[in-house]
2 protein chains.
Amino acid sequence: MDTRTPASEHSPWLPFESRRRARDEKREAVLRAAVQLFLERGYHRATLNEVADRLNITKPALYNYFRSKEDILFECWSIGQERVEDQIAGIEAAGENGLATLRRLVRTYAATMASDFGASLVRFNVADLSEANQKATFAGKRRIDRAFRDAITQGIADKSIRPCDVKLTAFAILGALNWIGHWYKPGGELSPDQIADDFAIRLTADIAKSSAKPSANTKSKTKPSKPKAARAIRDI
Amino acid sequence: MDTRTPASEHSPWLPFESRRRARDEKREAVLRAAVQLFLERGYHRATLNEVADRLNITKPALYNYFRSKEDILFECWSIGQERVEDQIAGIEAAGENGLATLRRLVRTYAATMASDFGASLVRFNVADLSEANQKATFAGKRRIDRAFRDAITQGIADKSIRPCDVKLTAFAILGALNWIGHWYKPGGELSPDQIADDFAIRLTADIAKSSAKPSANTKSKTKPSKPKAARAIRDI
DNA sequence: ACTTTTTATTACCGGCGGGTAATATACGTA
DNA sequence: TACGTATATTACCCGCCGGTAATAAAAAGT
């Protein structure tokens, strides 16, 4: 009763897979166009007609892939969030000391903030989401916050970070990082990686135990994690 | 031909003044209600009917004081901006060294970010303003940015701050400060002044020359400037 | 070639909300 | 009391935009 045709020569699975992939690619194209437009003009001023125009389709076609405009907004946020959480998971899995972990967190988070989906995490207004989706974003923010606080706490415990107010320290660091999403523009003098490397040191300089100075890998080495290959979307 | 009545006994000038003041107070009441609503629900989701409702009036009454919804939005922003610029002017006039100036800037700016009109500086979307008003906000942001950069530059010159990348340092500090406008909620554990005092040290710890340690005024002393008594509006 | 499913288009609806016109009311002034 | 002005209300308009048929075109499956 195995009706599958041999792998070569039009197997039904390949067309099926390729169709699903084509569909996903279109979904992603919509999200890329949408996130850019939302960032440029703001969620409310951006219309679905404009999103569709940029893709050379018409508005109703979008509804083949998304239920509503808010659905699109939330999906954009989800992509950025998932990316960050994947990075966090990879960093935490490395099991380095608190300071090294914190610096990796800062570096990757900074780089993400310089991308469209990353910036959407801080530039979209939570009030534009449904109740349920708002709760999801709050939970997401808490997870990010916790990752930073955990790294700091652990650093204090393992003596790589000098004792400090964990909560306020995390707020200060995350504030500086999130702000990147507001000021970074692609054509500037500094590349995302340069900003990320700089901030990794700068934002941890005051709390780092002077003994643990370097971690000075100045070149490459800037993509430490990518555990799940799930999402294929890339900004820009 | 001087038709003015003597100053005492129903002079026309006093009623005129009192009427103008009553009008200004109503204008300000509108702005206070508006800024709160805009922060709560977002500019686009907040309707003028809701603003009016909170003041126990009806929507068209608002048009006695403002030309348009966007006009209200811009005025809210202006109040926050003016407040910050007044503070900056006062601090710069004090003529202290770079580090002390920077710390004062951080302290007052942090406290302002914990107020409604202060938060509006970073939580309103520039794209919701007219072209002309957008330019005004950009100019305002530049002036704030310049104040922080100037303080850092001067601090390097007068040796109170160790040499560093001025631009990125300012970005990091202003990012941490601006983020206060996103996370601060009135009922929290920390008061605006506590946050301000903490950040004044925290955000300058890594660039301060170790010699210039203290400036340790832990109590009071937290309203160093208020040169122009022009605006009477107070948040909360 | 025929059917079915997916994907897209054209045409349209409906309501929300900013803004206005006409008008009423309160109030300072004489 | 009578007038003028400032301020408020009621009632209404209208343009924009998210969302929905109804239907056509394209692709996949048989």
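Per chain, numbering begins at 1; letters A, B, ... match sequence-line order. What you see is a predicted model, and the numbers here were worked out from it, not measured in a lab.
The nucleotide whose nearest atom lies closest to any side-chain atom of Arg23(B) is, among dG18(D), dT9(D), dT7(D), dT7(D). Closest to the side chain of Pro60(B), out of dA11(D), dT20(D), dT9(C), is dA11(D). Across dT9(C), dT7(C), dG18(D), the shortest atom-to-atom separation from the side chain of Ile57(A) is found for dT9(C). Closest to the side chain of Ala61(A), from the set dT9(C), dT7(C), dG18(C), is dT9(C).
Counting non-hydrogen atoms under 4.0 angstrom, Ala46(B) reaches the backbone sugars and phosphates but no base. Within the nucleic acid shown, Tyr65(B) comes within 4.0 Å of sugar-phosphate atoms alone, with no base atom in reach, counting heavy atoms only. Using a 4.0 Å heavy-atom criterion, one finds that Lys26(A) contacts the sugar-phosphate atoms exclusively.
Across the interface with DNA chain D, nearest-nucleotide mapping of Thr58(B) and Thr47(A) shows Thr58(B) to be the residue nearer the 5′ end.
DNA chain C is contacted by no residue of residues 124-132 of chain B, taking any non-hydrogen atom closer than 4.0 Å.
In summary, the aromatic rings of Tyr109(B) and Phe199(B) are positioned with their centroids too far apart to meet the 6.0 Å limit. Here Phe171(A) and Trp183(B) bring their ring centres to under 6.0 angstrom of each other.
Counting distance only, with no hydrogens placed and no angle test, the side-chain atoms of Lys69(A) and the base atoms of dG19(D) include no donor-acceptor pair under 3.5 Å.
Between the side chain of Glu70(B) and the backbone N or O of Leu129(B), no donor-acceptor pair lies under 3.5 Å. Within the 3.5 Å criterion, the main-chain N or O of Leu121(B) finds a donor-acceptor partner in the side chain of Lys141(B).
For the salt bridge (Lys or Arg N to Asp or Glu O under 4.0 Å) criterion with Arg143(A), the lone passing option out of Glu85(A), Glu82(A), Glu92(A) is Glu85(A).
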